[in-house]
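Below, chains carry the letters A, B, ... as their sequence lines are ordered, and counting in each starts from 1. Values reported hereafter were calculated over all heavy atoms of this structure, with side chains retained and with hydrogens, waters and symmetry mates removed.
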Amino acid sequence: MIQFSQVTVNYGYVPGALKDINLQLRDGDFTLLIGPTGSGKSTLLRLIYMDILPSSGTVTVDKWSSYRISPRQINVLRRNIGVVFQDFKLIENMSVFDNVALPLVIEGYRRKYIIRLVRLLLDEVNMLQSERQQASTLSLGEKQRVAIARAMAKNPFVIIADEPTGNLDREASRNVLSLLERIHQNGTSVIMATHDYELIKDTPYRRIYMENGQILPPDRTFSPLNQRINLLADPQ
Amino acid sequence: MKFFFILRQTFNNLWRERTPVVATVLTICIALTILIALFEVSWTLYSQLSDLKSNLVIEVYLDPALSEKQAGTIQKQLEQYNTIERIRFISKETAADIFREEFGENITDILDENPLPISFEIRLLPEYNHPGYMSLFKKQVESISGVDEVHYRHAVIEKLEQLTEAIMVSGIFVLIILVFAMNLLIRNTIKLSVYAKRRQIEIMKILGAGNMLIRMPFILEGAFEGLIGGILSATGLIVMHKFIASSFSLVTFSLHTYKLIWVYTLSLGILIGLLTSAGSVGKFVNKIFSKK
């Protein structure tokens, strides 16, 4: 379970990147974080893998609490979380295989196991035929599929996807979403931030709307500026 | 697998930053060569100086008119110095024998008489074999009535001591500059490598890599530069050794086997590279990520 209790994040002298967030994300859920750019979605996700720590309040991720966590424990936490980014964060001069193998190398698994598992994962995302290819030569959609395979490598309890379709065309976006849905069906929690309302409008998952660093209550809609988008995003 | 990953990253870094790596390796090579050569030269000069000092005698010539009995009185006065290891009495006859041995002719045949004075050969205790005490001793002995002249080869010793000192001082000065340059270059290469790999480091951090796994390739990079610098330096020193040994047969070396040269240069090179890179990589990694 992931819990945010009265979490506020200020970046330097800029206050209110997140304001007094109270939120609970249950295990096994597929959660969509919806909101315009700058609404605080990425900040909220960064708190989960503790890339940043809250200015006040507490974030609890499984057995780890931001209130009292050492850098070493942060590393352990990150090894139990899969993260997918809009810009993929692949090591461009490494092969597809090596990119997916990286979390397993970090964990210190044996070579034989790594080879078997990486091939299985690449097959799962339909990228096995490109395992020797350099990441820099892949299309954007392929890069994102490799990034998802890497996120799955450690069999994480949660996958965080920060605008994973932000750079992709419609077809590649649908492929990525269906991949994440398949992962979710296997029991892994997925938290996906997006402002691609068209992509998610027909999905049945829990939605959390964010604006100006705050979670909007269920009875409130976006500001007039974002009204139209809100209507698009909500299937009801 | 982790080990091979680290090794591959190390060679990757070295290849990517090959121009600064070459500069660093050459600086390490020059610094190590100068360091070892300086040690060798100082050691050689010091051992020559020690040999010279241990064989050094002070010759005390008495007034030619003095009898052997009067010379005996002076010897007793000299024996009161507790800085003297031994005194050898050289009579007029012994002096003539020495002359004959050295020049092959009998002095009385040339001059009809033996003009050589009675003398003493004095060897001081090793701790007093330095120019400062010797000149004081010379003055004191010269003031004894009946002593005509006191001689020792002070000029050679003083020159040798001055030379050793000058080599040491200038060598240390050059060495400090080189160590500074070496440190700067290694740190710069590591900084370039860290900067070039900042994205990879960021990704590895997100994936939960520990500090050791992130830093180790850069630390090994420094050690590898030290190793190559050491190999080049050892090769250069061995060539120099061979040349000097064939040209000047009397010169002895402190590092008398090539194995010793290899051991010293390689271990020093690796140590310098390892310590400098280990000392700087953490700082550069933190610096880059604190700017984010």
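The part of A:M94 that comes within reach of chain B is its side chain, from C-beta onward, which places non-hydrogen atoms under 4.5 angstrom from that chain. Looking at A:N99, there are no atoms closer than 4.5 Å to chain B (heavy atoms on both sides), in backbone or side chain. With a threshold of 4.5 angstrom between heavy atoms, A:N80 does not approach chain B through any atom at all. Neither the backbone nor the side chain of A:R72 comes within contact range of chain B; no heavy atom of the residue lies under 4.5 Å from a heavy atom of that chain. Only the side chain of B:L213 comes within contact range of chain A, judged by heavy atoms closer than 4.5 Å.
Heavy atoms of other residues, nucleotides or ligands lying less than 6.0 angstrom from CD of A:E181 number more than 12. The environment of CZ in B:R8 is sparse: at most 12 heavy-atom neighbours from other residues, nucleotides or ligands sit within 6.0 Å. Shown here is B:Y133, whose OH atom has more than 12 heavy atoms of other residues, nucleotides or ligands within 6.0 Å. Annotation: A:Y205, atom OH; neighbour count of heavy atoms from other residues, nucleotides and ligands within 6.0 Å is above 12. Around NZ of B:K191, the count of heavy atoms belonging to other residues, nucleotides or ligands within 6.0 Å does not exceed 12.
Considering CD of A:E107 and CG of B:L207, their distance stands at 11.0 Å, rounded to 0.5 Å.
Of the residues listed (A:L90, A:V83, A:I91), the one engaging B:I203 in a side-chain contact (heavy atoms from CB on, under 4.5 Å) is A:I91, and it is the only one.
Smallest separation of non-hydrogen atoms from A:K89 and B:R199: CA-NH2, 3.3 Å.
Between B:F5 and A:L102, the closest side-chain pair of non-hydrogen atoms falls below 4.5 Å.
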